[in-house]
**Q** 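I have a structure I would like to understand better, so I am pasting it below and will then ask my questions one at a time.
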Amino acid sequence: MPNKKNNSGAGYYKEPGPKLDEESPFESMMERFRFAAEILDLDEGMFQYLSSPVKQVTVSVPILMDSGNIRVFQGYRVIHNNILGPSKGGIRYSPDVNLEEVNALAAWMTWKCAIVNVPFGGAKGGVRCDPNELSDGELERLTRRYTANMLEVFGPDRDIPAPDMNTDEQIMAWIMDTYSMNAHKTETAVVTGKPIILGGSYGRKKATGRGVVTVTLAALNKKGILPNNCTVAVQGFGNVGSVTAELMYEQGAKVVAISDIAGGYYNENGIDIPKALEYAEENDGSLEGYPEAEEITNEELLQIECDVLIPAAKEDQINRENASDINARIIAEGANGPVTANADGILESKGIMVVPDILANAGGVTVSYFEWVQDRQGYFWTEERVNRRLNRMMRDAFDQLFKTKEKYDITLRQAAYVFGINKVAMTLKRRGLYA
Ligand SMILES: NC(=O)C1=CN([C@@H]2O[C@H](COP(=O)(O)OP(=O)(O)OC[C@H]3O[C@@H](n4cnc5c(N)ncnc54)[C@H](OP(=O)(O)O)[C@@H]3O)[C@@H](O)[C@H]2O)C=CC1
Ligand SMILES: O=C(O)CCC(=O)C(=O)O
């Protein structure tokens with residue numbers, strides 16, 4: 001590898017060598033970035049450009065609590081790159097959110113948008129809070145104040161948020177309304193994942209899970225496994241996990257395990273997913289106490305022998321500590337960053353095909369793109385049209401990455417980074433910003 005890259009000075013470049021000491025989403029992203037940069041022979045300037053976020057914004061979000069006291073929360077928005085178009089990415093509410101995590105998530109959005117060929121750059125945001133501890137009123141005030149503090153960042157041509165962990169269409173509606181009040185006009189295209197009545201798109205709610213299923217079916221096909229003859233375990237039963245489980249069940253797959261933060265549920269004969277969805281609906285979104293299955297831990301769920309394991313909860317679930325215990329033939333990453341870079345080699349040596357997050361969960365941003373297009377045109381599509389176009393774009397992206405994998409004889413994850421980074425680098429060169 002050319003040593004010139006070591007002279008970068010900004011500390012991003014590191015010779016590939018011993019594996020990472022710590023599990024950090026940003027370091028995991030960079031480890032894979034470095035690998036792709038070598039294959040693409042990126043020079044130092046391009047390496048620096050593509051690995052440095054364009055903008056990192058941290059805001060204090062003061063809220064009047066129901067108790068009458070003021071509490072101040074930390075909010076973040078990182079625009080990693082906007083070469084392909086306005087930046088795009090979700091906003092999460094979680095007690096663990098921090099700038100480093102948001103940096104990684106924003107970079108993943110850049111490569112993801114490039115892979116599915118939507119004209120967006122990558123961004124991500126978050127507010128460090130526990131939404132379960134907030135009343136509806138507090139949640140609304142938090143969302144509106146966070147948005148007010150991000151008015152110069154957001155915009156339909158600048159940066160367009162969407163839902164992520166613990167945020168939903170109501171929160172998107174408040175963001176849209178706050179932005180519109182300040183713009184003195186209704187600006188639906190400033191955010192996606194909105195309620196249909198406010199300019200949301202049919203199909204967006206289920207889009208991420210639907211996309212996970214499209215690429216999982218493609219991966220099963222490569223392995224010669226029929227969907228109605230396969231077993232599936234899904235970690236996480238929120239937006240992504242529950243829809244993925246539901247649609248795999250509809251494909252005839254036997255979903256043997258599901259989970260949420262409180263724990264997992266296993267039934268070797270298959271879980272009746274419509275019943276589990278009903279159960280969660282009646283129990284405020286929780287699976288706790290689900291009767292028709294054996295209780296297991298989330299750690300045990302990851303180790304179940306199955307054809308497809310779908311981690312759809314959060315980062316760092318499969319790492320160097322537990323990667324050798326994974327007993328799946330395919331891992332389809334519904335969540336962002338559920339497998340650390342330290343685990344990649346272990347999974348590869350076990351012959352497990354990993355369909356990486358930046359491909360597998362790209363259905364969400366794909367339909368967000370459709371929503372943005374519909375809002376800008378003021379012309380709305382049927383659900384059938386949305387789903388048909390989504391399936392085609394996900395399938396095309398899978399095939400494209402599979403070709404890249406075969407061309408370089410690398411894993412599907414490595415192919416995803418090579419493809420995504422190359423596309424952004426090529427666009428940058430053609431735009432002439434890199435003269
Ligand atoms: N929503 C979207 O469109 C997209 C989401 N993603 C990614 O998918 C992942 C999930 O997002 P989403 O479904 O929207 O989030 P949700 O908040 O809707 O759901 C998260 C789910 O994961 C569970 N969970 C949380 N922590 C743990 C844990 N430690 N162990 C097991 N389960 C846990 C939650 O349980 P509980 O409800 O009990 O807290 C919940 O069931 C995230 O990584 C997100 O970035 C990626 C692309 C698009
Ligand atoms: O729908 C979007 O714009 C972004 C979704 C997202 O945050 C993600 O893909 O991780």
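In this chain, residues are counted from 1 in sequence order. Read the numbers this way: they start at 1 and go in the same order the structure lists the ligands and their atoms.
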**Q** For ligand 2, which atoms have a heavy atom of Met109 less than 4.0 angstrom away?
**A** 4 (C), 6 (C), 7 (O), 8 (C), 9 (O), 10 (O)
**Q** Decide whether a cation-pi geometry holds between Arg32 and Trp108; the criteria are a distance under 6.0 Å from NZ or CZ to the six-membered ring centre and an angle within 45° of the ring axis.
**A** no
**Q** Look up atom CD1 in Ile346 and atom OG1 in Thr340, then write down how far apart they are to the nearest 0.5 Å.
**A** 7.5 Å
**Q** Please determine if Lys222 forms a cation-pi arrangement with Phe402, meaning its NZ or CZ atom is less than 6.0 Å from the six-membered ring centre and no more than 45° off the ring axis.
**A** yes
**Q** Looking at atom 9 (O) of ligand 2, what's its closest protein heavy atom, distance included?
**A** Lys112 NZ, 2.7 Å
**Q** Compute the centroid of each ring, for Tyr290 and then for Tyr279, and state whether the two points are separated by less than 6.0 Å.
**A** yes
**Q** State the atoms of ligand 2, each with its element, that fall below the 4.0 Å cut-off from a heavy-atom position in Lys124.
**A** 6 (C), 7 (O), 8 (C), 10 (O)
**Q** Using a 4.0 Å cutoff against the non-hydrogen atoms of Lys88, which atoms of ligand 2 qualify?
**A** 2 (C), 3 (O)
**Q** Considering only heavy atoms of Ala162, which atoms of ligand 2 have at least one such atom less than 4.0 Å away?
**A** 1 (O), 2 (C), 3 (O), 4 (C)
**Q** Could you list, one pair per line, each nitrogen or oxygen of ligand 1 together with any protein nitrogen or oxygen closer than 3.5 Å, giving atom names and the distance rounded to 0.1 Å?
**A**
| from | atom 1 | to | atom 2 | distance (Å) |
| --- | --- | --- | --- | --- |
| ligand 1 | 3 (O) | Arg204 | NH1 | 3.4 |
| ligand 1 | 3 (O) | Arg204 | NH2 | 3.1 |
| ligand 1 | 3 (O) | Thr208 | OG1 | 2.8 |
| ligand 1 | 13 (O) | Asn239 | N | 3.2 |
| ligand 1 | 13 (O) | Val240 | N | 2.9 |
| ligand 1 | 17 (O) | Asn166 | N | 3.0 |
| ligand 1 | 18 (O) | Asn239 | N | 2.9 |
| ligand 1 | 35 (O) | Ile261 | N | 3.1 |
| ligand 1 | 38 (O) | Ile261 | N | 3.3 |
| ligand 1 | 41 (O) | Phe237 | N | 2.9 |
| ligand 1 | 41 (O) | Gly238 | N | 3.1 |
| ligand 1 | 43 (O) | Asn336 | N | 3.1 |
| ligand 1 | 45 (O) | Arg92 | NH2 | 2.9 |
| ligand 1 | 45 (O) | Asp164 | OD1 | 2.7 |
| ligand 1 | 45 (O) | Asp164 | OD2 | 3.2 |
| ligand 1 | 45 (O) | Asn336 | ND2 | 2.8 |

**Q** Does a salt bridge link Glu169 with Arg204, judged by any charged N lying under 4.0 Å from a carboxylate O?
**A** no
**Q** Looking only at protein heavy atoms, identify the closest one to atom 1 (O) of ligand 2 and say how far it is in Å.
**A** Ser368 OG, 2.6 Å
**Q** Against ligand 2, does Gly364 come closer than 4.0 Å with any heavy atom?
**A** yes
**Q** Can you sort out which atoms of ligand 2 are near Val365, meaning under 4.0 Å from one of its heavy atoms?
**A** 1 (O), 2 (C), 3 (O)
**Q** At a 4.0 Å threshold, what atoms of ligand 2 neighbour a non-hydrogen atom of Gly90?
**A** 4 (C), 6 (C), 7 (O)
**Q** How about NZ on Lys403, more than 12 heavy atoms from neighbouring residues, nucleotides or ligands closer than 6.0 Å, or not?
**A** no
**Q** Starting from atom 5 (C) of ligand 2, find the nearest protein heavy-atom neighbour and note its residue, name and distance.
**A** Arg204 NH2, 4.0 Å
**Q** So if I count the atoms of ligand 2 from 1 in the order they appear, which ones are less than 4.0 Å from some heavy atom of Asn336?
**A** 10 (O)
**Q** Roughly how far, to the nearest 0.5 Å, is CD1 of Ile330 from CG of Leu412?
**A** 10.5 Å
**Q** I need the Gln317 CD to Leu309 CG distance, nearest 0.5 Å.
**A** 10.5 Å
**Q** Can the ring centres of Tyr369 and Phe120 be said to be less than 6.0 Å apart?
**A** yes
